[in-house]
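This report refers to the structure that appears directly beneath it.
In what follows, every chain begins at residue 1, and chains take the letters A, B, ... in the order their sequences are listed.
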Amino acid sequence: MKHWSLCLITLFLFSPTGFGQGSKWEKHAPPPHTDVQCQTCHACPKPTKTDPCLVKCPRMHILPGHHPEQTGPNVLQMGDIASQYGPVVFAHKLHAEMSEMSGGCYDCHHYNSTAMTILSCRECHPKSRARADISMPDLKGAYHRQCMDCHRQWTHSTDCNGCHLKNEPGKTDAEAMRARELAGKVHPEVPLPTRVSYETRNQNGSYVTFFHDDHAKRFGLKCADCHKQEGCVRCHDVTKSKTADTKIREVKTQRSMEQLHEPCFSCHASDKCESCHVAAPMKAFDHARSSGWALNRFHLALSCQKCHGEKKRFTKVDTKCQTCHKGWTAAAFKHRITGLQLDETHGGLECESCHIEMNFAKPPSCAGCHEDKTYPAQRPGKMVSTTTNN
Amino acid sequence: MKQPSRRAFLKTAALAGGTVAGLSATAKAGPKNVLSPDRNGVLVDTTVCIGCRSCEYACRTAHGLPTPPLETYGDKTVFKEMRRPNTGALTVVNQYPNPTKSDLPYYVKVQCMHCDHPACVSACIVGAFSKQENGAIIWDTDKCIGCRYCMAACPFQIPSFEYEKALNPEIRKCDFCYTRTQENKLPACVDACPVEALTFGPREEVVRIAKQRMATYGNRYVNHVYGELEAGGTGWMYLAGRDFADLKFPKLGASPAPGVSEAIQHGIFAYFVPPVALYAILGAIMWMTKTREEGA
């Protein structure tokens, strides 16, 4: 008897349903809604990681998060109406990548966390249109809504064959060919603007200059940090109007004041209006002008985060060398790494003797000691290769 | 001689009036106009519609109306002008700009709304129109005399008339696919819609779903189910992403279109009560005058 109870306790402790599961379920944060019961998502009383026994159609946001992009399928084939058509070959990866700037995975996988089990459309949406429960569209409607909401260039002239393969001899080859073709397809790189100048209705300063290049490359922002709700239609002509000669075009959207400022305010919330709204388009960012500290050629090559940290809003950094170069002393500094090895006379001087006001971006001045000498006509040492380690 | 009192006269008048009102409430000769709790409705979600016009094609085909081939329906140039249902097309789809997403316009399908309290049924002087248990408003072409009162009465201006026909012109409008639904089939347009922008079901359920959708996707819709209350409630109801007035929906109150006028008209003309009442009143006046003369 004792033996059995010991066994049971051991089983309980080591089973994934026991107390040991806490650490295993780090991703399974408690649902943000207090009214969510275990049974809302799990059909069985003791779900395990291997068998979570998820009920169909769990609500969105109960289990937030999604699987990494690479683990998603590359190409999907949906053959729900095999009697009439061949399967629809869907470039899942291509769409997943593109969705990053709109609603992400949830755009299509609505009500459904993609963190674990991915429910297919057919698990919730009924096949028949004539039915008792009309709370959600039938499978045909659900599929078509996902595709046609963007792909409105679909016309009757294509007779459904744009997506549905005809059920005819050779279909299998065509199916495989299309799958291969779509598997390798990637969205072409989007050309990024360098600087965008907006003319606004603000009377005090009608120009807002946005340095896209700086934000995207220098500040390390990701596209989705600002572009949260972009649809394909922002660039693509979805109506296939006969007059449109190009595939790509800018579409005008009407946005409220809040919507317009939202991407800026996520970082620049405390800025005054006039720091962006000015009388004329701004010139490109100049570290020397904005901060009063010019960057020399070494510092210029660094990313902003290297000195200003990963935070979205950069803070002012002390210009002392020791702030970043911990333990740096003038005595220990080997000048030869700048490409110029100082001779013995100059080696012992203070930095400021030549570098006026410690501005290392400006050429050094000899005027402090030598009235007749200038840099770089005369050098206080010899040039060496900067790649050489000393 | 005792004068007929004012009280007695009022009593007679009230009795006559009561008879009229009573008869009007129980008018038996009126057309079939049932408001079954099982009546069907359709929810048109204009934010889902993609403007493919499959419904127009399906409607024409189901009603034996001449139609160009399906391939031609992809032509978006038809949206340049606002169209109305007519004798050749019982339903049409119109396009309206979407202020927030200029390239994803809204599309609004127009057809008979199948009112709960139909003005056409009320206005039809020969009782050709009727509202059926399943919610459809249909009409009997054999009874129709072509007076076009239904056209004038309809708050949505839906019935159309074959003006171009010199002989035997007919009234035409959406019949909620009465023959199809009798065979337990879906209306042709609902069946054809590729994105199920049209949801067919019991009207109560349709209203519930409309509200559920508004609650779930608040940003997507304006907070209004057009047709839930308009003109006393309609069988076809709409959800939209912008104000219904901008989508050319008529602004109607919650009172049924036939309303008061129907009560008065049907009351007055039912069972020849008015002529009888009129002669009764005239008789009463004559009698009173006579007794007064006798008393003098």
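- The residues B:E196 and A:R131 are annotated as salt-bridged, a charged nitrogen and a carboxylate oxygen being separated by less than 4.0 angstrom.
- In plain terms, the two heavy atoms of A:D149 and B:L104 that are nearest each other are O-CD2, 3.6 Å.
- Of residues 222-235 of chain B, not one residue has a non-hydrogen atom less than 4.5 Å from any non-hydrogen atom of chain A.
- Remark: B:E204 CD is loosely packed, at most 12 non-hydrogen atoms of other residues, nucleotides or ligands lying under 6.0 Å away.
- A:M148 contributes atom CE, which lies 11.0 Å from atom SG of B:C49 (distance to the nearest 0.5 angstrom).
- One finds the CD1 atom of B:I209 at 7.0 Å from the CG atom of A:D133 (value rounded to the nearest 0.5 Å).
- The two residues B:V195 and A:R145 come nearest to each other via the heavy atoms O-NE, 2.8 Å.
- Taking A:A142, A:A132, A:A130 one by one and counting their heavy-atom pairs under 4.5 Å with chain B, the maximum is reached by A:A130.
- Once rounded to the nearest 0.5 Å, the distance linking OG of A:S135 with CZ of B:R213 reads 9.0 Å.
- Remark: the backbone N or O of B:A192 is not paired with any side-chain donor or acceptor of A:R129 at under 3.5 angstrom.
- With a 6.0 Å radius and a threshold of 12 heavy atoms from other residues, nucleotides or ligands, B:E81 has its CD atom at or below the threshold.
- Put simply, CD1 on B:I50 and SG on A:C147 are 10.0 Å apart, with the number rounded to the nearest 0.5 Å.
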